[in-house]
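Report on the structure given below.
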Amino acid sequence: MGDSRVRAGDGRGSAAAAVFDALGAEYERAFAASAAHRESLERLLADLAPGSRVLDVGSGTGRPTAKTLADAGHRVLGVDVSPVMTALAARQVPEAEFRCADIRDLPLTEGGFDAVCVYFSLLQLERGEQIELLERLVRSLRPGGLLVAATVPVDVAGVDAEFMGQPVRVSSFDAEEFTALIARAGITVEWTQSALFTPEHPAGAPEPHVFVHGRRV
């Protein structure tokens, strides 16, 4: 959805980096029309105080998430495992900061962010790794800080698939369990939305999306 989604995986991120290095700007074009993602960002903007510090996990090309937030005056740190995506984001959204890194290896300060965005950036992690990362990301929020997470809500673990012509290995949860995981990580869930989206790509197929917004307890 305009941000790189499947993230990390075998080789501490090398698998996902290869996928998104290959896709580059093609990924952004395929997901640019997602109205549900735009609505999620608008809701986040409405809840943020001016000049908030926001972490964008799996920042991809920087659009739409980092750009939308930076254009609104927020201080954005984007993290992505793909060197190609990170370089593209830095060019497209010079107002934000981007780091090419595996989010699992990046030190996160307790309470260091006002908001964390995790748009479709867990799918190439194993289920246990997703749970651990969500817990770390919640701890990186200040009390009352905002978490926005989105995924493809399917009940799969370590399934080989194809995404826009690239081989990927995917794990995920259904919508109810994904929302419950976020709540158990220490978030009071305030809003959820489900949508069906078809990427603008020859290999694109309809896929379910779920968006979850909440606050750190």
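The residues of the chain are indexed from 1 along the displayed sequence.
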Nearest-0.5 Å distance, CG of residue Leu141 to CD of residue Glu110 =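 Those atoms lie 9.5 Å apart.
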Can you tell me how far the CD atom of Glu132 sits from the CG atom of Leu125, to the nearest 0.5 Å?
-> 10.0 Å
Carboxylate-amine/guanidinium contact Lys67 Asp56, below 4.0 Å =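 Not counted as a salt bridge, because no side-chain N and carboxylate O are separated by less than 4.0 Å.
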Is the shortest distance from a Lys or Arg side-chain nitrogen in Arg104 or Glu126 to a carboxylate oxygen in the other one below 4.0 Å?
->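 No, Arg104 and Glu126 are not salt-bridged.
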Quick one: does any side-chain atom of [X] pair with a main-chain N or O of [Y] as donor and acceptor, under 3.5 Å?
{"X": "Gln92", "Y": "Thr61", "value": "yes"}
{"X": "Arg99", "Y": "Thr86", "value": "no"}
{"X": "Arg53", "Y": "Phe113", "value": "no"}
{"X": "Arg38", "Y": "Pro64", "value": "no"}
{"X": "Thr188", "Y": "Val217", "value": "no"}
{"X": "Asp155", "Y": "Asp174", "value": "no"}

Residue Gln193 excluded, over 12 heavy atoms near CD under 6.0 Å |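 Yes.
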Is the count of non-hydrogen atoms from other residues, nucleotides or ligands lying under 6.0 Å from Glu95 atom CD greater than 12?
-> yes
Heavy-atom side-chain proximity of [X] to [Y] below 4.5 angstrom:
{"X": "Leu108", "Y": "Leu55", "answer": "yes"}
{"X": "Met85", "Y": "Phe98", "answer": "no"}
{"X": "Asp114", "Y": "His74", "answer": "no"}
{"X": "Asp102", "Y": "Val81", "answer": "yes"}
{"X": "Val54", "Y": "Thr65", "answer": "no"}

Nearest non-hydrogen partners of Gln130 and Leu122, listed with the distance =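 So the two residues come closest at NE2-O, 3.1 Å.
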Acceptor/donor pairs from residues 178-185 side chains to any protein atom, 3.5 angstrom cut, sequence neighbours excluded:
residue, atom, partner, partner atom, Å
Thr179, OG1, Ala175, O, 2.9
Arg184, NH2, Glu177, OE2, 2.8

For Arg75, what residues pass the side chain to side chain donor-acceptor pair (under 3.5 Å) criterion, not counting sequence neighbours?
-> none
